[in-house]
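Only one structure is covered here, and it is reproduced in the block below.
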Amino acid sequence: MTGRRIRLGREPTIPEPARRAFVLALRDLLENSRFGSLAELGDSLRPRRTKQRLSEPARGTRLPDVDELKAIVEACRPGAWPKLLQLLLRAEAEESAADADRTAVLSRLSDHAVTIDGRLPVVEEYRDWVRLGVHRPITRVSSGLDLTDRVQAGGLPTYVERERDRTELRPALAAAARGEGPSVRLVLVTGASLAGKTRAAVEAMRAELIGWRLLIPRSARSLAQLLDRDFNVRHTVVWLDEVQDLVRQDRGAEQLERLLDRDTGPTVLLATLRADREEVLRGTAAERLFQRAAPRITLYRRPAGEEFEQELARARTHSDPWLVEALDRIGARYGIAEWLAAGPQLVDQLDRARASDDPVKQTAAALVDAAIDCYHAGYTRPIPEPLLLAARDLYLPEHLRYVTHSVTADALEWARKPVAGASALLEPHTGWGDRAFDYLVGAATENPAAAVHAGIWQLLPAHLTPGTSELVTRAAYRAGQSALAHTLIPRLHHQARARLYAEMGDVESLTAMAETNGLWWGNAASLLAELLAKRGDIPALTARAAAGHSRAAYLLVELLAERRDITALTARADAGDRWAPGRLAVLLAERGDIPALTARAEAGDVHAGAELAKLGDFKVLTEWADAGSSLAAAELAELLAERGDLDTLTARADAGDWDATALLAGLLAERGDIPGLTARADAGDRWAAGRLAVLLAERGDIPALTARAEAGDARAGVELAKLGDFKVLTARADAGDEEAAERLTELLAERGDVDTLTERADAGDRRAAGRLPWLLAERGDLRALTVLADARHEEAARRLARLLAERGDFDALTARAAAGDQHALWELAGPDNLEALTKLADFDEGAALRLAELLAERGDIPALTARANADDWDAARVLDELLAERGDIPALTARADAGDQHAAERLAELLVLRGELHRRPDLARRFG
């Protein structure tokens, strides 16, 4: 201890609040530590850090990684670690959000996700409980107290932590916040309806990931578009309440698999899944997706034993009127969450309506029972009125089956009225139909599909739509309605048909499909191969592999390897199978069969040569590498690097082996061998030059870096610029070095050097000109952005419009839009401003499509029809899809007969699903 204290100078100006909070806390730690200077602190750390390196986080120009921060804190004041870690995580989340805003190339994020002021909301600020999926609580309690005002103000019952919150759910999210575990993880909360899944997920997210961004995708297609544009989802919660709805959409499960396969994070996919819906998804891509959940937490309405007693004890510590009511009423049967959402009250309401003498209530009960059975039979979408009314009669006594329209209307109104101020028996979906409240659906028998009224199975085929046909067919098969299932399957699209044949184990039908050279031949062939492999049917797999089916060949080899069948694998490898040699070589190596491996290697098997090298025999692999095999050269270099064999790597690098050259540079850098790297860099090795420059910068050796940069070493110039010396990099950029110009622009932007970027942009540097508007927007410089935008700088106009929208300055946006600024019009044209969106749609194809989709989401068929009749192709296509999903044959027929080709195709598809194509011979001839 020197008696001196670290002096960091004036506090830096940092506009980002989370970053500023972290930097101030870090500076306080450093200035009150036992060290007299940053250099002294750096010397004490392992690995050693330079004064320059440590000053960057203290100035706020760079956020340290977790390991670097931990080393600093442990050297200065270990007790400060929890607080500084949380501040760092919030600053990282803030940085990710800013980075996403810089890199997003979408014209409107709000088209694809829920936004606030054109950006993703932060978890802490988002309080739209209904949009998150939290059920509305009861508003009337037995004491007579009316809680309606609280609910309307956004209030919810006090949350009572569950045991699994404390032991499973929150620890998983806390680990993600700390950057531990996989980059992207799926956290799945399952359970029955009203088990408290969504509220538990919301509260856990707000407790552990409060500073993260929240991505609520509007659809699977929206998520796909975000991923296609490489949208930044670091420090983001992807909210997937009722995930079964998204994975049933076209390619929905595939998009979530894409997210899980990303290696940049941390990102959390936080999903809830109803237990009854998981069974319906068995055998689909969604089931395979759910198997990747880590963790998977199951919640129960009323947990068993001590777990529930602890929950009740925590609830009793609160005076919340909702909890007081629940504790007083749940008795020995119900859970807290289900009572607060009026689940038991709804069941009681339905039971009393069934037993009532009132025709209105009896009819209402019949409508609800019809909706429940339709759902169990696979019709999980809102039920359109024609189907609901036809099914209603199955549940009414004879004398009520022909009730007047007014009785039915009154019954629907009664069933849609909330019970206890919470939810209703039937949930209306404008433009689509009604769906039974999910708690009622889940209150059915253990095997819901088997208990479906027989008449429902007779009714449904005449009401199928593209979005319900596969689920209804699968439910029929699982309910033992085999004849109906076999009638419906041939009407399905090829993909759905193949999936169902695979689930049913129908090898004969799958084989027939796979042998048909149709569009989805490959899909059926793959499913057939997987079915045969699951059954262990080696003869059938062998026959299909011999016929040229690659998926069958691959699965055959995997099955043979699993059975450790060396003889069969050898035969396939010798016959030229592309997968067998690799699996065979691994098995031989595991057995230690060196003679067999050597024989295969000497006969040209590269996999055998690689396995020999792993065992220490490099002879064959080296011969192949020397003979020009790039695969062998890469494998050999990696093995030599793993063994730390510098001499052999150097010899191969000197002989021109690029793989050896790159790995040698990395090995020398790991060992801190500056003389070795210098010698290779001076001899023209660009890999060594890059590694050397980074190493010199980390050590703070400015003179050596400067000397190399002035001698023409581009990477040394970049590292100098990172340390604040732009002289060499600027000279190279001005001399026409494109890479230097690009790096210079990036570094200037990172430092926030608007003046230099402006000078370079004015001098004709296109990169600086492109980056400048982003930097000005980050600084909120409206004046400078306006000057650029008025000079017809497209990116400046785009960023200006976005900034004005974020600030809520709609007067300025409106003025710019009136002056012809399309970017301003785009910002005005959101889901809540149909007028602006309609104006934009008249000359912008993207806006036209968005408007059509928005109208479809609202079920606004008149508005869609008007646009379609005005030659809006997007509106016409979306309208046709909407009519098909609603099963509206009269409207589709009218459009098809008026010459709409797309409507004719959808009509034909709908008639095929319902077995009625024979009624339109013209369509049968056109579409088969």
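The figures here come from the full heavy-atom set of this structure, side chains too, leaving out hydrogens, waters and symmetry mates.
- Using a 3.5 Å distance cut-off with no hydrogens or angles, the side chains of Thr236 and Thr267 do not pair a donor with an acceptor.
- Nearest approach of Leu156 to Asp320, heavy atoms of both residues: O-OD2, 4.4 Å.
- Residues Leu913 and Pro466 come closest through the heavy atom pair CD1-N, 3.6 Å.
- Applying the 6.0 Å contact sphere to CD of Glu125 captures more than 12 heavy atoms from other residues, nucleotides or ligands.
- The heavy-atom pair separating Ala175 from Arg185 by the smallest distance is C-NH2, 4.0 Å.
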> Stepwise, does the side-chain hydrogen bond (donor to acceptor under 3.5 Å, both in side chains) test hold for Thr408 with Arg392?
Replying inline: CA-CA 10 Å; Thr408 299; Arg392 168 204 61 188; 2.7 Å; yes
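- For Gln291 and Glu287, the side-chain atoms include no donor-acceptor pair closer than 3.5 Å.
- Look at Arg162 and Asp165 and you find no salt bridge, because none of the NZ, NE, NH1 or NH2 atoms lies under 4.0 Å from a carboxylate O.
- Across Ala411 and Val360, no two heavy atoms sit closer than the pair CB-O, 3.4 Å.
- A salt bridge is absent between Glu853 and Arg218; no separation between the charged side-chain nitrogens and carboxylate oxygens falls under 4.0 Å.
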> Checking side-chain hydrogen bond (donor to acceptor under 3.5 Å, both in side chains) for the pair Gln310/Glu306: CA distance, chi angles, key distance, verdict?
Replying inline: CA-CA 6 Å; Gln310 291 172 337; Glu306 184 180 349; 3.2 Å; yes
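- To the nearest 0.5 Å, the span separating CG on Leu855 from CG on Leu864 amounts to 4.5 Å.
- Looking at Thr380 and Arg277, their side chains never bring a donor and an acceptor atom within 3.5 Å of each other.
- Interatomic distance, Arg914 CZ to Leu910 CG, rounded to the nearest 0.5 Å: 4.5 Å.
- When all heavy atoms of Leu188 and Ala293 are compared, the closest pair comes out as CB-CB, 3.7 Å.
- With salt bridges taken as basic N to acidic carboxylate O contacts below 4.0 Å, one links Glu163 and Arg314.
- Note on Glu470 versus Arg474: salt bridge recorded, some NZ/NE/NH1/NH2 to OD/OE distance being below 4.0 Å.
- Within 6.0 Å of atom CD in Glu385, 12 or fewer heavy atoms from other residues, nucleotides or ligands are found, so the atom counts as exposed in its surroundings.
- Of the inter-residue distances, the one linking Leu147 atom CG with Trp322 atom CH2 reads 5.0 Å to the nearest 0.5 angstrom.
- Ionic pairing of Glu503 and Arg478 is present here: one or more N-O contacts between side-chain nitrogen and carboxylate oxygen are shorter than 4.0 angstrom.
- Taking the six-membered ring for Trp and thresholds of 30 and 60 degrees, Trp339 and Tyr334 have ring planes inclined between 30 and 60 degrees apart.
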> Hey, mind stepping through Asp434 and Ile383 against side chain to side chain contact (heavy atoms under 4.5 Å, CB included) and telling me if it holds?
Replying inline: CA-CA 5 Å; Asp434 289 86; Ile383 302 166; 5.7 Å; no
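- Using a cutoff of 4.0 Å between basic side-chain nitrogens and carboxylate oxygens, Arg288 and Glu257 are not scored as salt-bridged.
- The heavy-atom pair separating Ala341 from Leu194 by the smallest distance is CB-CD2, 3.6 Å.
- Within the 4.5 Å cutoff, the side chain of His376 has no heavy atoms near those of the Ile456 side chain.
- There is a side-chain donor-acceptor pair under 3.5 Å between Glu325 and Ser142.
- The number of heavy-atom neighbours closer than 6.0 Å to CD of Glu413, taken from other residues, nucleotides and ligands shown, is 12 or below.
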